[in-house]
Amino acid sequence: MTIETATSDSSRSIATDRDGFELHPDDRAEIEHERGHYEQPQAACIEALKIVQRRHGWVPDGAIPAIAEVLGIGPASVEGVATFYSLIFRQPVGRHVILICDSSSCFLTGYEALKDAIADALDIGYGETTADNRFTLLPVCCLGACDRGPALMIDDDTYGPVMPEDVSRLLEVYT
Amino acid sequence: MATIHVDGKSYEVDGGHNLLQACLSLGLDVPYFCWHPAMGSVGACRQCAVKQYKDEDDTKGALVMSCMAPASDNTRISIEDEEAREFRASVVEWLMINHPHDCPVCEEGGHCHLQDMTVMTAHDRRRYRFNKRTHRNQNLGPFIAHEMNRCITCYRCIRFYNDYAGGTDLGAFGANDNVYFGRYQEGTLESEFSGNLTEVCPTGVFTDQTHSDRYTRKWDLQFAPSICHQCAAGCNISPGERYGQIRRIENRYNGDVNRYFLCDRGRFGYGYVNRDDRPRHPQWRTVAEDSAVALSVDAALDRGSHILREAKRVIGIGSPRASLESNYQLRHLVGAENFSTGIAARELAGLEQMAELSRASGLPTPSLRDVEDHDAVFVLGEDLIQSAARVGLAVRQAVLGRREELAGERGIPEWNAAAIKTLGQDSCHPLYVAYPTQTGLDNIAQPCPALAPQDIARLGFAVAHIIDGAAPAVEGLADPVRDAAQEIAASLLAAKRPLIISGGSLDSADVLAAAGNVARALARRACAGGLMLIRREANSTGLPMLGGQSLEWALDTLSDGQADAVVILENDLYQRLAPSLIDPALARTDAIVVIDHQQTRTMEKAHLLLPAASFAESDGTLVSLEGRAQRFFQVYDPRYIRPDTNIHESWRWLHALGSGMRREEPTDINLDAVIQSLTQRHPQLAGVLDAAENADYRVNGVKLAREPHRYSGRTSMRANLNVNEPRTPQDSDTPFTFSMEGYNGFDRPRKDVAFAWAPGWNSPQAWNKFTDEVGGHLRAGDPGVRLLHPQPGAYDYAANVPAAYAPTDNRWQLLVLPRLFGGEETSSRAAPILERAEPAHIRLSASDAATLGFVDGDPVSVITGDSRLTLPLQIDTRLSAGLVAVPAGELPPSLFGAWCELSRGDAAYANSQPQLDNGGEARP
């Protein structure tokens, strides 16, 4: 994904009112529970972002100040964490996220052909989502599957080795 | 001490330093970015790499980051090693990859650490041929301009802003080669210390917006060593002038005082010097006919001496915002028996009480720097961030000192900032702030109940009694206060160096007495602590040392007809007392002479107006709240660019008026003569003589230059007036020249440095060349002389414990609380400060608001005597019932503690709350 950082865009600067975002009561309870695990409330920040992302698929702008409030820290700290981690999505993603490993092992085993096959099949590039909102394609630096390269991950499932010809069959599963 | 070997030479260094500190302290040049002398090392930028060898026989060596390697005994390193040089050249090349080629239009250019380091590493060719990453910038408010493309990701900004200064709204976003430093959302930076970003940032990401409005390169500015006049902390500054305007204020290093940092009021509050509506000519006014005639200097002096000579008795009203020299000349002119300090009676009594406590509490007054070396702090009745912001920043460092202590126990050196932060987390030395409402240090303070002034005093008395049973006890303490007293006393006793801070913000003799009792109790327990007392204005400490009556006395003397003339020096009386006290007195006075540099309400009453020089156009001495006499020097001669201007130092006007009154031959006087006379007549101020060098001081046989040697355009800067370039102004008062000719180097130690520059070091980091070690003291000694000499010993306790605060039906006690932006007279005349100031509110407790049926935002009127102020309501959840708080700048502080009534205000009136007049500040 590309990180669209803080900007002078007026569309972003109205988010102080959280764009009408409200934390789901269950999420709030879960974040408060996580917060209790740590001496420092900011230590629960990553978990809080994951909780929100699990519900929404991504972390909407309004969630940043909402999480900050629950944790009692500044929204800048929360946004700093959210934008640091590439698997916290600060832009909407499709129903399924494809992560293609582009690190050295997968490079040696030919991830580029795999990436091209997926891009052709879905007509999207890195950081893009299909028009039907089904898939988002992102690179990832390692999936810990170096022995099975080229590897990729769709949602919580890791596959490898994946050959370009396997792509269409693989994607069928995800609707 | 440790011996290190650098490129074959041996040096003695402080073994507690890292190699970078050690090398820089030795004067050796090692390039660096992320390290900062006040913030330690994080080893992020990799720029300071050097080659380290295991022993004499090791010829291969290994690269180490000098900021992360201790300067332990027998360390062998090479800065000049070829591999180390290549490595450093590569690092700067990487850092520069995304950096734009915009030096010619970048406002950092000419005082840019990145430029200096790039030149130092000899990186002069670009090889990168691809697109650079770019960012969108944010509007960060009136003080700071933002240009993220220039960022080299050293993280110094957020390390200062968040870790050092406690800000929360600046963050680092993103990762890898796409990191953005800014606010979560566009908007004004909230920290009161944001201006330091302009000096902390090694390049031009954060620059001075007020300077940008009238930009000049550093080398084209004329500087002088000066002292900030915007509060009593006494921070050292270097104002820069061009074309008769102050264009920026830089921090000036003083190892005992402000070191590297200023507050935003001090840095950005200079705009009043540049206002177009400043008086620039003497004027004769007849109030009845409402006419004003501009006079020449001679005519003004003739008129002035005539009316003063004709008067049967002349009262002089001095000012705590004027120099000792000007106040002294006024006192000399009218006679000691006719001199008023111009300070309202209760504030003056408070200042005298503070002077007495400073002398006789048994605890010393720490320097601003020394404040950082205390391990428990108890603040009674001060919101330091509002009343003396730089002191608040120092207290923050004292509190964070707990992390360094923890690190020390584990052998982590104090420069290893990242390790200390990780280890220390939120560990703090105890800080307790007793105040009627929330304060700027609450986020690092231990919980303490919000209390009315009387109850703050009772808390202090109780703490003193717990520390030493001989101190008077407090009867009938409420439970929360008693618990707080126990906890505070235990913390202070457990500390090695407890610090007590109080001051005049609550205008309460009881609070000061209580602070004095705590200090005396600690002193009797032989604690190595300190007592610091906050005064309001730049010379609030010095003026009472000169002596003088209260402002009320002066007005009474005039009202009674015992005197018929008055000379008012740099003082707007309406800022101090209610008009009902001032107007009748001035109406009865036959001759009113006002000397000031601002168009004030008092000035409208003047018969004769003499235009004074502001701090930027005059020399003088101030005494800061720690009792340090410090000289400020004239930055520029206003007549060079505006030849028709007749602005003079107040002390010069007063001398001339005096000789005119005595019908003497008119003579001029210089600063040294004034100081000579002042110190002879006031032995308690003898130290003022040594506060700075006199006009005869020379280095290498020449005077000191105010202008950098690259100063350009002098021959043409007046060409619009006359193509003939006049002689540069001559300075008979100080050792400085209005010229680039003169000494400006770093190698000969000197205390008064107009601007920091050393070959290869154009940025503020050049201060490291002037100090005995980085972050240490100036090699010639830090400027200023301490005039307060606390006497150790056991002192008697104040015994008058006040009664607890009891709210009264339908009446409220009025608190006029200090505020950093908008609460000080002169800086409130600077447009950026007004823009930054938060809208004024009347604050009430939630219960009082509910009783009265008010909600947030309702217009509410505070009525006391003949004063009526209407502002929107803000419900204050910390404030006690029965109190009403108004920010300074809306009402004279002398109304503090007055009983007032509240009523629903007229909405229309509230909406037209005091118009922020910012039109007068000159724009380029």
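Predicted, not measured: the structure shown is a model, and the values here were computed from it. Within every chain, numbering begins at 1; the chains are lettered A, B, ... in the order of the sequence lines, protein sequences first and strands thereafter.
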[X] [atom1]: over 12 foreign heavy atoms closer than 6.0 Å:
X        : atom1 : value
A/Asp123 : CG    : no
B/Gln425 : CD    : yes
A/Glu39  : CD    : no
A/Phe107 : CZ    : no
B/Asn131 : CG    : no

If I take atom CD from residue B/Gln185 and atom CD1 from residue A/Ile64, how far apart are they, to the nearest 0.5 angstrom? 10.0 Å
Measuring from A/Glu79:CD to B/Tyr180:OH, what's the distance to the nearest 0.5 Å? 11.5 Å
Ignoring hydrogens, what is the shortest heavy-atom contact between B/Thr168 and A/Ala76? Give both atom names and the distance. O-CB, 3.6 Å
For the pair A/Thr83 (side chain) and B/Gly174 (backbone), establish whether a donor and an acceptor sit closer than 3.5 Å, ignoring hydrogens and angles. yes
Heavy-atom proximity to chain A below 4.5 Å, by part of B/Asp426: both
Taking side chain as everything from C-beta outward and backbone as N, CA, C, O, which of these in B/Ile158 sits under 4.5 Å from a heavy atom of chain A? Side chain, backbone, both or neither. neither
Within a strict 4.5 Å, meaning less than it, do heavy atoms of the A/Ser77 and B/Tyr184 side chains meet? no
